[in-house]
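Okay, so here's the structure we're looking at.
Naming convention: chains lettered A, B, ... in sequence-line order (proteins, then strands); numbering from 1 in each chain. These numbers come from a predicted model, not from an experiment.
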There are 2 protein chains.
Amino acid sequence: MKKVSLEDISKELGVSKTLVSFVMNGRAKEKRISEEMTEKVLAKAKEMGYKANYLARALRTGKSNTLGLIMADISNAFFAKLARSIENEANEFGYNVIFGSSDEDSVKSGKLIEVFKNKKVDGLIICPAMDDIKYIKRLQKEKYPYVLVDRYFADVKSNVVVVNNQIGSYKIVNDQIKQGKKKIAMVNFNVGLINMDDRFIGYKEALEANGLQLDQSLVKNVSFKDMEKETELAIEELLEQQETIDTIYFSNNQLAFLGLKYIIKNNKSVLDKISICSFDSFAVMDLMEIPMVYGTQPIQELGKYAVDLIMKQIESDTIEPQEVVLPISYSKEMM
Amino acid sequence: MKKVSLEDISKELGVSKTLVSFVMNGRAKEKRISEEMTEKVLAKAKEMGYKANYLARALRTGKSNTLGLIMADISNAFFAKLARSIENEANEFGYNVIFGSSDEDSVKSGKLIEVFKNKKVDGLIICPAMDDIKYIKRLQKEKYPYVLVDRYFADVKSNVVVVNNQIGSYKIVNDQIKQGKKKIAMVNFNVGLINMDDRFIGYKEALEANGLQLDQSLVKNVSFKDMEKETELAIEELLEQQETIDTIYFSNNQLAFLGLKYIIKNNKSVLDKISICSFDSFAVMDLMEIPMVYGTQPIQELGKYAVDLIMKQIESDTIEPQEVVLPISYSKEMM
DNA sequence: CTGAAAGCGCTTACAG
DNA sequence: CTGAAAGCGCTTACAG
């Protein structure tokens, strides 16, 4: 392991740590340290293979140049891409990212928040689980820099970066109706997350706006824990009423994936009669033979804005919480 | 932000920091601190909302309880799943993970290694890019705990966790031949990575073992940087000779995805004549109408073994480098 | 232009 | 059983 410290260099050179520190941090000019001294220090540092210990610096300055990222599950394509986008933007500011997955479990996210704070991350980017509101409130009170991505809480004024779930959902469902569909089923997450709720509201409003009745038997809710099984069950139940259904609308990519998988395996021909649409896309949707309508979230932008908002907070102590709402795009022209 | 320190508690209670530290670290019994004292400290700590500053602890103990993870690109499904597996296993040991993507660029991975080391991660898990061997050699010399995943270098004895690329590849190609295919094209990465090389070797050996000639015009190499364009070009060139081809074999999931996308868009019918197979799978392969043979890597195990190997190194200073080679599984029974 | 010294918040020999 | 003190490796007022 490395062990050359500032002190080692200063001793070698018979100068103070202060001087070496200034030089190593590029403050030589500012501190009016002579050119030759600067050169000498730099040369010696290189020769000895000096590398600053960021931990020590962080302890002293209170800045770790590390961001904490908490998502439901980094192995999910949406979050994986989000993580990458956040990583890239964080790098632009000289930051690294430490991450953790909550599995939509508030106990886990609570622990992650705690640990990351104690590791002195300069800010937290969180895709909060349902019951995380208590932690978020505390962060808000402590003025700890954080930003919520993908989901948020109506009760806490936060820095937030999300897509417009309601409008996006409305458009997709409205498009189905305009195409003549009248019995549109929805498979949704029941994790109590506002983004999922909004997608449901968009669905409902599209129905209403077109004079259609909301039929609760066409709305299926699925939990995170038993996602696969419950999605399959939901599909089964829906297919039992298949004469009365002409569209199945999935509220996110995972549900769409699981649902389609089940349909294709067990009852593929039903796809001739029933349209599929999804709020969210998964990678190869458009490689499949099944025509589908789906939204695509601007993940790059979500990540970029999230980091930018964190940085603003880190740089200036108090800023008014900002809400960034981005539009989603669609797989084909819709009205 | 938090600011309650050990000292604050010790002052409140009129005891020493030492005592408080022992109690907070659960060493009260061991240090024979009285029950009541222990209780008092714990109560006060809770009351004041004390949280240990891990940075300070790390600086003092030399252990940060953080692992550095460097992959080509965390947004790639393979690496995303690997990251998750590593996260889970690291958590078991009380560790967190800081990550970075190299984009197969050795300059980037070099920087990441440096930064993570200076942030004092206790170990590095690396999916090395082609020219990373120089960094790996240095880590080896410094006895810095690290493990290579997915790829390795024949020149440096390292802790390594990989799949058996050569055998896996052999089996897939051999299976095609047994099914009567004679003209098997391969689309491969030319990033100079040993895992990719091994997949090519497996391909070659399967041909040879079956008395078939290697035809270089059927082997297409693609770079990481222009992956999409070059894959499309490769497919185009292969399809020009389509009378002479009966299988296209992709050496990883990304190439398979891009290649299939292009084929489906531009020349779907060709799939009636040409079989597709892939070393690696992507999520929805088996939802597609196209029959495919593909391998599936034991990603969970890769991550688990990687962390376990790192932990062994962290716990005992010197261990003999170990190589863990895991088998891949296949989408259907093969001979 | 340069240095001595304090301090960030811990842990851990050492001493009693 | 408990405490005073050193030290991890930095940065930064303060002084000259």
Side-chain angles (χ1 to χ4, degrees), chain A residues 1-42 44-45 48-66 115 117-122, chain B residues 1-42 44-45 48-66 115 117-122:
Chain A
M1 312 248 197
K2 280 285 151 17
K3 42 192 164 198
V4 183
S5 71
L6 275 187
E7 184 150 33
D8 295 331
I9 300 181
S10 70
K11 274 184 181 160
E12 279 287 314
L13 253 33
V15 299
S16 75
K17 287 191 298 176
T18 311
L19 197 159
V20 180
S21 172
F22 284 151
V23 171
M24 295 314 295
N25 287 311
R27 300 175 65 190
K29 277 260 159 56
E30 170 195 343
K31 294 291 175 180
R32 294 201 257 156
I33 292 163
S34 72
E35 285 268 320
E36 31 185 357
M37 191 74 243
T38 306
E39 295 279 297
K40 229 165 67 179
V41 171
L42 253 19
K44 183 56 87 181
M48 300 177 70
Y50 172 73
K51 304 289 172 188
N53 180 331
Y54 291 178
L55 241 45
R57 177 185 294 167
L59 179 60
R60 176 60 223 249
T61 62
K63 283 203 56 199
S64 64
N65 279 49
T66 303
V115 172
K117 275 171 64 182
N118 297 338
K119 288 198 173 177
K120 301 298 166 189
V121 298
D122 295 330
Chain B
M1 311 250 196
K2 282 282 150 22
K3 43 194 163 197
V4 183
S5 72
L6 275 187
E7 183 150 33
D8 296 330
I9 300 182
S10 71
K11 275 184 181 158
E12 280 287 315
L13 253 34
V15 298
S16 74
K17 288 192 297 176
T18 310
L19 197 161
V20 180
S21 172
F22 285 152
V23 172
M24 296 313 296
N25 288 311
R27 302 175 63 190
K29 279 260 160 56
E30 170 194 344
K31 294 292 175 178
R32 295 202 255 157
I33 292 164
S34 72
E35 284 266 324
E36 30 185 358
M37 192 73 244
T38 305
E39 294 278 299
K40 229 165 68 179
V41 171
L42 253 19
K44 183 56 90 180
M48 298 177 72
Y50 172 73
K51 304 289 171 190
N53 180 332
Y54 291 179
L55 242 44
R57 177 183 294 166
L59 179 60
R60 178 58 224 250
T61 63
K63 284 204 56 200
S64 64
N65 279 53
T66 302
V115 172
K117 275 171 65 182
N118 297 338
K119 288 198 173 176
K120 302 297 166 189
V121 298
D122 295 331

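- Between A:Arg27 and the phosphate of D:dT12, there is a side-chain N or O to OP1/OP2 separation shorter than 4.0 Å.
- Distances from the side chain of A:Lys17 to the nucleotides D:dT11, C:dG9, C:dT12 place D:dT11 closest.
- In this structure, the NZ atom of A:Lys119 is 15 Å from the P atom of C:dC10, given to the nearest Å.
- In terms of phosphate contacts, B:Tyr50 brings a side-chain nitrogen or oxygen within less than 4.0 Å of OP1 or OP2 of C:dC10.
- Between the side chain of B:Thr66 and the backbone N or O of B:Ser64 there is at least one donor-acceptor pair closer than 3.5 Å.
- Comparing A:Leu55 and B:Arg32 by the nucleotide of DNA chain D that holds the closest heavy atom to each, the one mapping nearer the 5' end is B:Arg32.
- Nearest nucleotide to the B:Asn25 side chain, out of C:dG3, C:dC1, C:dT11: C:dT11.
- Here B:Ser21 contributes atom OG and B:Arg57 contributes atom CZ; the two are 8.0 Å apart, rounded to the nearest 0.5 Å.
- Judged purely by atom type and a 3.5 angstrom limit, B:Lys120 has no side-chain atom pairing as donor or acceptor with the backbone of A:Ala56.
- Comparing C:dC8, C:dT11, C:dG3 by their nearest atom to the side chain of A:Leu59 picks out C:dC8.
- Atom CD of A:Glu7 and atom OG of A:Ser16 lie 10.5 Å apart (nearest 0.5 Å).
- The side chain of A:Arg60 lies closest to C:dG7, out of C:dT11, C:dG7, C:dG9.
- Residue A:Ser16 places at least one side-chain N or O under 4.0 Å from the OP1 or OP2 atom of C:dG3.
- Of the possible polar contacts, none joining the A:Lys17 side chain to the A:Ser5 backbone as a donor-acceptor pair under 3.5 Å is found.
- In the set D:dT11, C:dA13, C:dA4, D:dT11 carries the atom at the smallest distance from any side-chain atom of A:Arg57.
- Under the Watson-Crick or G-U wobble criterion, with both distances below 3.5 Å, C:dA4 is left unpaired in every strand shown.
- Atom pair B:Leu13:CG and D:dT2:C1' shows a separation of 13 Å (rounding to whole Å applied).
- For C:dC8, the OP1/OP2 oxygens have no side-chain nitrogen or oxygen of B:Asn53 closer than 4.0 Å.
- Base engagement by B:Phe22 is indicated by at least one non-hydrogen atom pair under 4.0 Å involving a base atom.
- Out of C:dT11, D:dT11, C:dT2, the shortest distance to the side chain of B:Leu6 is found at C:dT11.
- Side-chain proximity of A:Thr18 to C:dG3, D:dG9, C:dT11: nearest is C:dG3.
- Following rounding to the nearest Å, B:Glu7 (CD) and C:dC8 (P) show an atom-to-atom distance of 8 Å.
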